[in-house]
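Working notes, beginning with the structure itself.
Position 1 is the first residue of the sequence, and the numbers go up from there.
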Amino acid sequence: METRAKTMHRKFDETQGLPKRIVGTAVANGVVGVVVSVGLALWMAVQVNNLAADNARNLFETALAAELSSIALTTTDYAHWDLAFELVSNRDDDGLYDNFGSGASDSETFDFIYVIDVDGTPIYGYVTDEEGSDIALVDRDLVAQVRPQLLAQPLEPYPLVSEFAVVYGQLAAVATGYIRPDDLGDMTAQDLPIMVAGKWLSEDRLADIGGQILLQNVELHTDGETHAHEMNLSLLDLMGQTIGHVRWDAPRPGSALLSAILPIVLVLSLLTLAATCHVGRIAAKQTAAFLRERHRARTDKLTGLLNRAGMDELVSGKPMMDALEKGHAAIIYLDLNGFKQLNDRLGHDAGDLALQILAERITGATRETDHSVRLGGDEFLCVLIDPAPCQAASFMAKRIVKATQPAVRIGDDAHIVRPSIGVAVAKPGITWNQLLKNADRAMYRAKVQRTLEPVFYADGIIQSDTVHVA
C-alpha cells in the first residue's frame, strides 16, 4: 500500500521531524555550552594576561623612574655641598678626588662624574675603574645637551635635571646639578660649576630591575628599531627622542591558570554535553511516542486517512477557521455504492481490502494540500482549502469520479464500487457544521438520483448533471 503510506506521511510532515529536531537542539545546546565554557575560560586567560602585561609595564616604568630619582638624590648630596664647591673653586685635585671623584672611580655610587666649569669647559672627569681625573673621558655631547637645560632653571629651589641619555654609545641614567654652597650670596648661575653624574643602565642592571618585579628575559636595544617583541618599553631623553628600547617576556599568569583549569572545564563541559544529549534523547523518545499515539488517535487504522478525531482537530485549526471565514473551503462527501453487497458476500477481509483500494484512489486524485477523511463505514470526505473553492472542488470531484471508475479486483473477481458524491462550497462566515450538512444533503441527493456525477449544494438548491446508474 505504497500510495496509502505516502498519504499518511505527507499529512504529518510538520511533526515527524520533531524528535530529531529535539535531539539536534539538545546537542546544539550542549555544544554551545561547551563552546561558551571554553571560550569564557580562554577570554578570562587573555584578560588576566593583558592585565598582567599592563601591570608589568607600569611597574617597570615606576622602577625606571625610581632609578632616575635615586641618581638625582645622590647627585644633589654630592653637588649641593660647601666642601665640593670649595674644592672645585680651588682646583684641589687630590681633595676633590678623595671626597668627590672617588664616588665614581672607587665605589658603586656612580659610574661617571663630570665637573664642568662655569663657561661649559670640562675640568674633571671621573669614570669607574679609572684612577684620577681624565677630561678626555668626558662626553662633550652629553654636556652640550644637559647644560642648557639646567641653566634655564632658577637657582632656588635647588634645580636638578635628570634623564636617560646615551653616553659614548651606552644607555645611562643621568642627573645634572650645580656644584654650589649652601649660601649663594651674590652668586648667579654663571658663577657656579656643574656636576653631571650617571649610572650605566646596562642590560644586567635592567635584568636586575626586571627580576625584582618578576620579569624574565629583559633585553636592552639601542639600535633605534622597534623590533617585534612581547613587551616593549621605549626610553626617551629630555627632548622626547627615543634612545633605546627595553623588551621582556610578557608575564602570562592567565595562560598558566588556563592550563590548570582547562582540563576541568573540558571534563565538566563534556559531562554537561552528555547529560544534555541524554535528556534530549529521552525527550525525543517521549515526543516520538506522543506523536505516534496522537497520529493513531487522529488516523483511521485501516486506510491511514484522517478519522473523525483528526477531522475535528483539522476543523479547529487556524487555517481552516480562516478559510471558513473567507469562504475559501469546500467539502466533497462520498458514499460508496456496492460496498455493502461486496462486504456481505465476500466477508470483512475483502471489504477492508476494497476500502483500502478506494481510499488510495481517492487520495491519489487529490492534491497534497487537501485532506482526506474516513468518517466511518463506507463514507469519506475530501476537505479543500483554496482561494477558488468552487473551481477546485469541481476539478477534484471529477478526478475522484475518474479514479473510482475502474472495478475493484479482489482475487480473480472484479467488483463495481463507485461513490455517490456531494459537494458543498463555503460562503464567507459559514460554520463547519453547516458546510458539512450541505455536503451530506448533496451526497444524499446524488445517492437518491443514482447519479455518477457530483451533486453541488448552493444556496439551498441542489444541482447536478444527472447521469442515472444503470
What I want to check is whether the side chains of [X] and [Y] have a donor and an acceptor closer together than 3.5 Å.
X	Y	result
Thr121	Asp119	yes
Asp141	Gln145	no
Thr299	Asn307	no

With a 3.5 Å distance limit and no angle check, can you tell me whether [X] reaches the backbone of [Y] through a side-chain donor-acceptor pair?
X	Y	result
Ser70	Ala66	no
Glu203	Leu220	yes
Thr242	Gly244	no
Gln149	Val161	no
Asn438	Val425	no
Asp139	Leu142	yes
Asp134	Ala136	yes

Look up atom [atom1] in [X] and atom [atom2] in [Y], then write down how far apart they are to the nearest 0.5 Å.
X	Y	atom1	atom2	value
Ser133	Asp93	OG	CG	7.0 Å
Leu214	Leu59	CG	CG	9.0 Å
Asp352	Ile357	CG	CD1	11.0 Å
Met44	Gln47	CE	CD	9.5 Å
Leu435	Ile430	CG	CD1	5.0 Å
Phe110	Thr74	CZ	OG1	5.0 Å

Apply the test salt bridge (charged side-chain N to carboxylate O under 4.0 Å, His left out) to residues Arg205 and Asp111: give CA-CA distance (whole Å), side-chain angles for both, the deciding distance (0.1 Å), then the verdict. CA-CA 12 Å; Arg205 176 56 185 158; Asp111 287 317; over 6 Å; no

Ignoring hydrogens, what is the shortest heavy-atom contact between [X] and [Y]? Give both atom names and the distance.
X	Y	answer
Asp237	Ile243	OD2-CG2, 3.8 Å
Leu305	Arg374	CB-N, 4.1 Å
Ala79	Met195	CB-SD, 3.9 Å
Met396	Thr366	SD-CA, 3.7 Å
Leu155	Ala189	CD1-N, 3.7 Å
Trp248	Gln216	CB-O, 3.6 Å

Test side-chain hydrogen bond (donor to acceptor under 3.5 Å, both in side chains) on Asp300 and Thr303; report intermediate values, then the result. CA-CA 6 Å; Asp300 179 59; Thr303 63; 2.6 Å; yes

Heavy atoms of other groups near Glu108 CD, more than 12 under 6.0 Å: no

When you compare the side chain of [Y] with that of [X], does any pair of heavy atoms fall below 4.5 Å?
X	Y	value
Ile400	Phe395	no
Ile194	Thr176	yes
Leu381	Leu436	yes
Leu83	Asn99	yes
Leu235	His245	no
Val196	Ile113	no
Gln190	Val118	no
Val174	Ile71	no

Identify which one of Thr62, Leu201, Leu206 satisfies the side-chain contact (heavy atoms from CB on, under 4.5 Å) criterion when paired with Glu67. Leu201

Given Trp200, Tyr168, Tyr124, Tyr126, the one that forms ring-ring contact (aromatic ring centres under 6.0 Å, His included) with Phe112: Trp200

Worked check of salt bridge (charged side-chain N to carboxylate O under 4.0 Å, His left out) between Lys318 and Asp322: CA-CA 6 Å; Lys318 189 175 186 305; Asp322 291 343; 2.8 Å; yes

Verdict with reasoning, Tyr178 to Leu151, per side-chain contact (heavy atoms from CB on, under 4.5 Å): CA-CA 9 Å; Tyr178 290 111; Leu151 293 175; 3.3 Å; yes

Quick one, Leu87 with Phe100, criterion side-chain contact (heavy atoms from CB on, under 4.5 Å). Give me CA distance, side-chain angles, the key distance, then yes/no. CA-CA 9 Å; Leu87 294 173; Phe100 194 88; 5.6 Å; no

Check Asp54 with Arg57, please: is the shortest side-chain N to carboxylate O separation under 4.0 Å? no

What I want to find out is whether Asp312 reaches Arg308 closely enough, with some N-O distance under 4.0 Å, to be called a salt bridge. no

Go through it in stages, so that I can follow the logic: the residues are Cys382 and Ile362, the test is side-chain contact (heavy atoms from CB on, under 4.5 Å), and I'd like the CA-CA distance, side-chain angles, deciding distance and then a yes or no. CA-CA 8 Å; Cys382 289; Ile362 292 169; 3.5 Å; yes

Carefully, step by step, assess Arg180 and Asp191 under the rule salt bridge (charged side-chain N to carboxylate O under 4.0 Å, His left out). CA-CA 9 Å; Arg180 50 162 284 184; Asp191 302 318; over 6 Å; no

Determine the interplanar angle of the Tyr78 and Trp81 rings, folded into 0 to 90°, and report it as parallel if under 30°, tilted if 30 to 60°, perpendicular if over 60°. perpendicular

Just do the side-chain contact (heavy atoms from CB on, under 4.5 Å) check on Met311 and Trp432 with the steps written out, would you? CA-CA 11 Å; Met311 181 185 72; Trp432 167 259; 3.8 Å; yes

